[in-house]
Participant: 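Quick one: the structure is below, questions incoming.
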Number of protein chains: 2
Amino acid sequence: MEAVLTEAVALLDESGESALTFRALAGRLRTGVGSIYWYVSGKDELLDRAADHVLADVLADTEQLAAQDDPIDGIRAIAITLFDAVADRPWLGGYFMRDTGVQPNGLRLYERLGQQALRLDLTARQRFHAVSAVLGYVVGIAADLGQQPPQEILDGEVDRDEYLGRFVAQWRALDPVEFPFLHEITDEFEGHDDAEQFVAGLDLLLAGLRLQAGR
Amino acid sequence: MEAVLTEAVALLDESGESALTFRALAGRLRTGVGSIYWYVSGKDELLDRAADHVLADVLADTEQLAAQDDPIDGIRAIAITLFDAVADRPWLGGYFMRDTGVQPNGLRLYERLGQQALRLDLTARQRFHAVSAVLGYVVGIAADLGQQPPQEILDGEVDRDEYLGRFVAQWRALDPVEFPFLHEITDEFEGHDDAEQFVAGLDLLLAGLRLQAGR
DNA sequence: CCGTACATCGAACACTGTTCTATCGTATAG
DNA sequence: CTATACGATAGAACAGTGTTCGATGTACGG
């Protein structure tokens, strides 16, 4: 059982979502496809369990972060840890939101964020909305990053910078009068850092929360 | 061509992502599967184009919203319009982020948000981050809602309230000492409104942005 | 020795996206 | 009028997928 999950995660990490087939997984485990179905009801459950499996690590990493002085700093740290985990596991993005609320580790992570919110002077509803918003934001950015580059870059044929460069070139070719924002953005986009971008947005969200909590 | 897209969207709207198969689509169009490949290079492009196709409507709906007095109100209105569109098209969630930056309407929507941001007193980088954050947040919440209920509710067998009730019951059964937040949340979750929840988080984000822009 | 429960396996099935080739219809050139 | 080229259609074939199912093994208590 444990081996099934770890090997499934390994396959996902190495070659992405499409590489996780029952036959490939069975091959790795040196067993038959039928055996996997004894542990797992189907592919959906396999992916859910795999996602929750890696969430265990995230949960462990956020263990001591809960002791932060400022609860909002606590939320910030947890969110960043979660983002980092998803950043180098693009496949996670789409599946861990499905876990929140059902799978054990997803629940615990939700709770961990919520316990920081409990230390804020908010109504229950405000707390509910705040935690959901933070989680939703993390998922959204993660999903954005999750779109795996179209194979060429995965094979190493094309450089990542060159890949992004195509977008930039395409944007620059647009009419500057009709697309003033895109033109201004282009320079920022070139050589931008995903993590930095994520944190910048997170801080906007948390600034709003801070305002609401009167801190 | 146009018919292919509209019929594809119709299939997606009616029965979700899994219902859109080349054979089903060909059947509706009273044609062969091979014909579809003349218009579209594969399923990826079909989904991209379908997503961009409905974004045209969103774009039209946000047409007059750009004239808002306050640019942040403008961003708010555009974001809500986009959310509404995704809310009753769960399949859209996962595919329109892939469009932003590539497909025409996705780009225009991005630009439309950005033009509001241009009216704010921010650095180019701050603008870039702000717009990306808003879009990421919308996508994240949308993806959360996008997880289609597991068929039973789609068939009408099980009531939506009863479906959510299962979650609530499961949460209530947890240890209140270990999960204080979840217990507090439970009441809020019961009979919560998705749209209201979305707007609440959006307003937190925009409050932070307002602070940054000095308004 | 049996029997029962757990566990394994892989062939078979129904379905998917995709490719390929044959064919149609129609406009334009000779 | 005929020939040719080309936009467009159609469906059979292929490789690959998740899933089912029954046959087979293994362990252990009676």
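Below, chain A is the first sequence line, B the second, and so on; all start at residue 1. Just so it is clear, the model here is predicted, and its values are computed rather than measured.
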Participant: Rounded to the Å, how far apart are B:Trp38 CH2 and D:dC6 P?
Facilitator: 13 Å
Participant: With distance as the sole criterion, is a donor-acceptor pair present between the side chains of B:His129 and A:Glu188 under 3.5 Å?
Facilitator: no
Participant: Between residues 21-28 of chain A and DNA chain D, which residues have a heavy-atom gap below 4.0 Å?
Facilitator: A:Thr21, A:Phe22, A:Arg23
Participant: For residues 104-118 of chain A, pull every pair meeting salt bridge (Lys or Arg N to Asp or Glu O under 4.0 Å), keeping only residues two or more places apart or in separate chains.
Facilitator: A:Glu63-A:Arg112
Participant: State which residue, out of A:Leu113, A:Leu205, A:Ile80, A:Leu82, fulfils the side chain to side chain contact (heavy atoms under 4.5 Å, CB included) condition with A:Val138.
Facilitator: A:Leu82
Participant: Tell me whether the OP1 or OP2 atom of C:dA7 has a side-chain N or O from A:Tyr39 closer than 4.0 Å.
Facilitator: no
Participant: Sequence neighbours excluded and cut-off under 3.5 Å, please list the side-chain donor-acceptor pairs for residues 189-196 of chain B, or say none.
Facilitator:
from: B:Glu190; atom 1: OE1; to: B:Arg172; atom 2: NH2; distance (Å): 3.0
from: B:His192; atom 1: ND1; to: B:Phe189; atom 2: O; distance (Å): 2.9
from: B:His192; atom 1: NE2; to: B:Asp194; atom 2: OD1; distance (Å): 3.1
from: B:His192; atom 1: NE2; to: B:Gln197; atom 2: OE1; distance (Å): 3.3
from: B:Asp193; atom 1: OD2; to: B:Glu196; atom 2: N; distance (Å): 3.3
from: B:Glu196; atom 1: OE2; to: A:Arg125; atom 2: NH1; distance (Å): 3.0

Participant: Provide, to the nearest angstrom, the distance between the CD1 atom belonging to A:Ile36 and the P atom belonging to D:dT20.
Facilitator: 14 Å
Participant: When we call it a touch if two heavy atoms are under 4.0 Å apart, what does A:Leu20 touch: a base, just sugar-phosphate, or nothing?
Facilitator: sugar-phosphate
Participant: Take B:Lys43 and B:Gly34, find for each the nucleotide of DNA chain C with the closest heavy atom, and name the residue whose nucleotide sits nearer the 5' end.
Facilitator: B:Lys43
Participant: Evaluate the ring planes of B:Phe198 and B:Phe83, with Trp represented by its six-membered ring, and classify them as parallel (under 30°), tilted (30 to 60°) or perpendicular (over 60°).
Facilitator: parallel
Participant: In whole angstrom, what separates B:Met1's CE from D:dA8's P?
Facilitator: 12 Å
Participant: Nearest to the side chain of A:Tyr37 - D:dG7, C:dC6, D:dT19?
Facilitator: D:dT19
Participant: Work out which heavy atom in A:Ala19 is nearest to a heavy atom in A:Ala24; give both atom names and the distance.
Facilitator: O-CB, 3.8 Å
